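Note that the structure is a prediction, hence the values are computed from the model and not measured. In what follows, chains carry the letters A, B, and so on, assigned in the order in which the sequence lines appear, proteins first and then strands, with residues in each chain numbered from 1.
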There are 2 protein chains.
Amino acid sequence: NVNKAMNGAGNLMDFLDEPFPDVGTYEDFHTIDWLREKSRDTDHVKIRNKPTCYHSKESIWELIKSLLDAWSGWVVMLLIGLLSGTLAGVIDLAVDWMTDLKEGVCLSAFWYSHEQCCWTSNETTFDDRDKCPQWQKWAELMTGHAEGAGAYVLNYFLYILWALLFSFLAVSLVRVFAPYACGSGIPEIKTILSGFIIRGYLGKWTLLIKTVTLVLAVSSGLSLGKEGPLVHVACCCGNLFCSLFSKYSKNEGKRREVLSAAAAAGVSVAFGAPIGGVLFSLEEVSYYFPLKTLWRSFFAALVAAFTLRSINPFGNSRLVLFYVEYHTPWKTTQLGKYPVLEVIAITGITAVLAYPNPYTRRSTSELISELFNDCGALESSQLCDYINNPNMSRPVDDIPDRPAGPGVYNALWQLALALVFKIVITIFTFGMKIPSGLFIPSMAVGAIAGRIVGIAVEQMAYHHHDWIIFKNWCRPGADCVTPGLYAMVGAAAGVTRMTVSLVVIMFELTGGLEYIVPLMAAAVTSKWVADAFGKEGIYESHIQLNGYPYLDVRDEFTHRTLATDVMRPRRNDPPLAVLTQDTTTVEDVETLIKDTDYNGFPVVVSRESERLIGFVQRRDLTLAISKMKQDGVVSSSVVYFTEDAPQLPASNPQPLKLRRILNLSPFTVTDHTPMETVVDIFRKLGLRQCLVTRSGRLLGIITKKDVLRHMAQMMNQDPESIMFN
Amino acid sequence: NVNKAMNGAGNLMDFLDEPFPDVGTYEDFHTIDWLREKSRDTDHVKIRNKPTCYHSKESIWELIKSLLDAWSGWVVMLLIGLLSGTLAGVIDLAVDWMTDLKEGVCLSAFWYSHEQCCWTSNETTFDDRDKCPQWQKWAELMTGHAEGAGAYVLNYFLYILWALLFSFLAVSLVRVFAPYACGSGIPEIKTILSGFIIRGYLGKWTLLIKTVTLVLAVSSGLSLGKEGPLVHVACCCGNLFCSLFSKYSKNEGKRREVLSAAAAAGVSVAFGAPIGGVLFSLEEVSYYFPLKTLWRSFFAALVAAFTLRSINPFGNSRLVLFYVEYHTPWKTTQLGKYPVLEVIAITGITAVLAYPNPYTRRSTSELISELFNDCGALESSQLCDYINNPNMSRPVDDIPDRPAGPGVYNALWQLALALVFKIVITIFTFGMKIPSGLFIPSMAVGAIAGRIVGIAVEQMAYHHHDWIIFKNWCRPGADCVTPGLYAMVGAAAGVTRMTVSLVVIMFELTGGLEYIVPLMAAAVTSKWVADAFGKEGIYESHIQLNGYPYLDVRDEFTHRTLATDVMRPRRNDPPLAVLTQDTTTVEDVETLIKDTDYNGFPVVVSRESERLIGFVQRRDLTLAISKMKQDGVVSSSVVYFTEDAPQLPASNPQPLKLRRILNLSPFTVTDHTPMETVVDIFRKLGLRQCLVTRSGRLLGIITKKDVLRHMAQMMNQDPESIMFN
């Protein structure tokens, strides 16, 4: 018997040397503990803690080992860059082809887009590049008539049909295979990066379905951008490659460093702007962004942009970015309950209204590109239909202000209609159950408005050269107003809340370093105006709507409450559920686990002294007990959290020693600590919970959920909206 | 008597309602407590903590108030931008003038620099822009002979004389008026931003003297840049304007937010690169950089760059940046003890050696500018002396590879000599007791090396067109190697450790968005090579040499020590100096203050229970006792840290109630907490000290100095090098 007990003890010791399987993992829809992940990473590195001197040989070996360890991070970055660049390139090509498929087909090779089709045709000259014999509109192909009302109606009808088909496929695929693939994904990625677990959100299926449905959704002509979803796709790639390295797959903290860099790579391919991507990741998406991650993000973004460029070197749709979104209350409509119907309806409306107006029929990126254009000599666009002064014999690429021709006035009307249409339809589009970004539509709205204002000012300056504001500004004969620049500034202003990264992205896109002042001014003004309406960005609103536990780094908590006001138990609650270090039995523990749903329990010396010694996770406790029950532990066994269990007679039930799973350094604050400090600590250290003491006695506990609910209450919001812990 | 005691108590109450004067300030060369500063800021804002509902009227008023409060920040930024931009413009103009003064003088107006002098002269044509009659070299002016050996020697001699005069003035002014004005200032600013107090370092005198001596030092021709000092100047401006707003002047934490933005403005004017400035501040200088600061920095940087441009619109010396510096052990030489002599000697050597070589005689920024230049048709530089193939009739601005002429070979030799000279003299120059930056010289070294390599590759490609590496790369007739690009990449590689901000600065400087890949590759490679030699940058080494308590965000602490290994008291030390909440007398406290030099003392319930209730600062304790001694408190009075002092008979000495100065939420960790976590907490929360407990009992204390000493020990460095707390 003694032998058996000894054996049992021996087993116990062995067992304690290697951790229980799954100990230290998290459940779905729970928050990770950053401090714990970080110290687990150190265990992994296993750097020996030597007293004073290193032998040079060993220190070289240490160096090589640490270099090898460091390289694995760079390898992951390289893989992420390669894959996300490739996917973005494929998406670009597919979207180009399918967008054109709505209008017609290339006879020489059906997989060519309109542009490719006409580029490869030899007989084209510059002027009719858009009209080559190989490219036929559907009406021409089916009836032989390219012009006329009948052909127009047939093309119109087929355009709508294709659009409906694409959007139906997109919404069905999302519904059936990967519900997480819908939307832009940025709010969820922000939440995940802040330490939340949503299993499958960055999985392989999501990656596949999001890639396919993104192509379908964009091709269908809906007013949405592909930039947010591309960030999601890149993060899925990052998660995929994390699983190749145990250093990253086993540590939720390290994994998030990789994901932050992947987000940068996503923005990099979305806009072809690597530096802007890094800044976007830093400013908008990431939560913890150590400098090491900055450099790695830089590398991943570079590789991704480079890969993309080699796949799709002539891609001109690079001129479009993200989408910062105004959340609208449409979700409460009856339609919202039937996602497929909703998507079909919106697609139908979009297609019907968009086709007749040339500025809404084309893809949004082409639209923005045209709006940015300055009217040079070779420009055949309607927008450049100015009346040339026959008296002037200046070089054509340096045209000063001229009176607008009928084409410009016509374009103005169409642009005004397009503006209204874009604003309304974008509000309804965003939030549908298909992959959708908001950046391009926002930019388009801004660019349209900017161009309209630009033309107006230009014409005013032309007709009223003597007004004071124009007098000093416009010298005769010189070009004093550039409507294209107004459009660019408008586009920058259209996207609020992302000042620095936005301006850098605009630089990288347009190469317009000389416009730094108007761009920055537009970005800052737009941010100020948006701030006046409310401090929350679209992503934050979305996070809040979903009830995710996201502690925004930007929210300032300035109320003067104390930890004691927030901690549980509240005044009339039952006392705090605690374990004692050496008097609780397995049965007590099981009862406690069954009766409560807390994520963990403080362990105290005794109920009388209330002196805290540690904190144990519910999940670890359950795992340990179920594992040890196979090894002779019974319900009446005493659970010991002390360093040594007392030597009990062999007749007593075998003790359960659980110091191994006890967190001996739980985070504590005193009850007098201002909540501002507590919020700061939760934010900066990424805590899950924090224990509250007074004069060394345990009083209560504050969890991340408690903090978020308290913050919501202080801002007069519904605290019950925070649903997860 | 009772009355008197009542009065005393009444006084006490009043007294406690308003804090003691100077309570909560810090001594020189001490570290601030970020958490404390932060919660003091909240007290300032005084947002009322209302239970549930706001009336719309009040909430509008709240909005206006918070807007007004927010605007004060923007106003400070505006002022900083204006002043630092103005100062940078004045410095630029003065440096241009004084640099040229070493060679000659403008007859039409002596305050014109060479360029301005010849620009204003009407009769100049493009070719001899550098040689106009108004500008006379000293020899010409004094002897009438412009050419010949005698004139050369006289010019050489006067050049050296002027250089010596300028550097003598610079070093004397620094010595006599503002010793803090020497060096680049970045290490100290980094330390200050991390929460250290160095009084006078950002004062008005430093501002004035640094501005003047920077002009003198740069003009003297020493191998130093003005970029680091410009950051110091901008931070002095920031500190100056902080004193206008009590919100910033009274809170060390808020003040540092302003200073971070001022640093961005400094880089912005130093390089004319606002975005790069913001990133530099983020990556290299700042410690805590909330997003709000990002936006403000952006604004300040923009205003500064704009102001500078309006003052010095033709400034072409914008093409130069910072200085990342290799620390050399020269400080131990005999010469180091005589700063003036040292400066004179180095200036003499620099002037003597620099004058004969055209690449070292001119200012470093002009040199870099020339090295970056591509050889167009109008280029008259030696570097562009290629042999034109007479058979070719191509447009001159698109010249393919050509064989180098004698001028290029000559230039190669001079560049090689200049490279050696720059490397050696820069090592000796940096660290002298005058304002000096390191960025321009580093860039110059990189650019010279890059240009030499570029020319070599170009000539190799010309003479060996059939080599495999050149075959695919250079099509016949096309320009396959651009030496100027090599110089640019070399310059980027010359400045290590500043990857992202460096690349952005290079973009802003050169507008070279298309060179993103080679630039990024150069920056990353250069960082990797530097990391292989050691993780520490020049600024960190400097901070360490000075013994400042700087906890680098980038250092990873991966050793497995525990808080118990670091805390004091150590095993054989006397017990921890604590106060009890209600049994210590004023005399005990005074003895404790006299016998120890700790910055603060924990307060416990009783020595037996060791239950912690708070922490009191030494400075506050001293101030409170000396103040209260005037109000009837005597040595035998008991000090009460409890909420209520007991009602004592009037014969007892008046009690001293000090709960007001007691910090009731001291930061605690358990003795089992890994040091990695403790380091993380100190870093992220900016703590000054942290108390260590076990099972609710106070065991010891860990200060920032302890943490830094422990980290130094773990890295086999001398822990005694950390001198301040």
Enquirer: Is B:Leu698 in contact with chain A via its backbone, its side chain, both, or neither, using a 4.5 Å heavy-atom distance?
Expert: neither

Enquirer: Go through the atoms of B:Leu664 and report whether side chain, backbone, both or neither lie under 4.5 Å from a heavy atom of chain A.
Expert: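 Contact with chain A involves both backbone and side-chain atoms of B:Leu664.
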
Enquirer: Of the listed residues (A:Leu612, A:Thr693, A:Ile613), which shares the most heavy-atom pairs with chain B below a 4.5 Å separation?
Expert: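 Maximum pair count with chain B is reached by A:Leu612.
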
Enquirer: The test is side chain to side chain contact (heavy atoms under 4.5 Å, CB included); show your working for B:Leu685 and A:Leu685 and say whether it passes.
Expert: CA-CA 9 Å; B:Leu685 301 180; A:Leu685 301 179; 4.1 Å; yes

Enquirer: Quick check: do B:Phe667 and A:Thr673 have side-chain heavy atoms less than 4.5 Å from each other?
Expert: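 A side-chain contact is absent here, since even the closest heavy-atom pair is not under 4.5 Å.
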
Enquirer: Does any heavy atom of chain A fall under 4.5 Å from the side chain of B:Val669, the backbone, both, or neither of them?
Expert: neither

Enquirer: Does a donor on one side chain and an acceptor on the other come within less than 3.5 Å for B:Thr668 and A:Thr668?
Expert: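 Looking only at side-chain atoms, A:Thr668 and B:Thr668 do form a donor-acceptor pair, the distance falling under 3.5 Å.
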
Enquirer: For a 4.5 angstrom cut-off between non-hydrogen side-chain atoms, does A:Arg611 reach B:Arg694?
Expert: no

Enquirer: Picking from B:Gly614, B:Ala305, B:Ser695, B:Pro666, which has the most non-hydrogen pairs under 4.5 angstrom with chain A?
Expert: B:Ser695

Enquirer: Return the CD1 to NZ distance between B:Ile681 and A:Lys684, rounded to the nearest 0.5 Å.
Expert: 12.5 Å

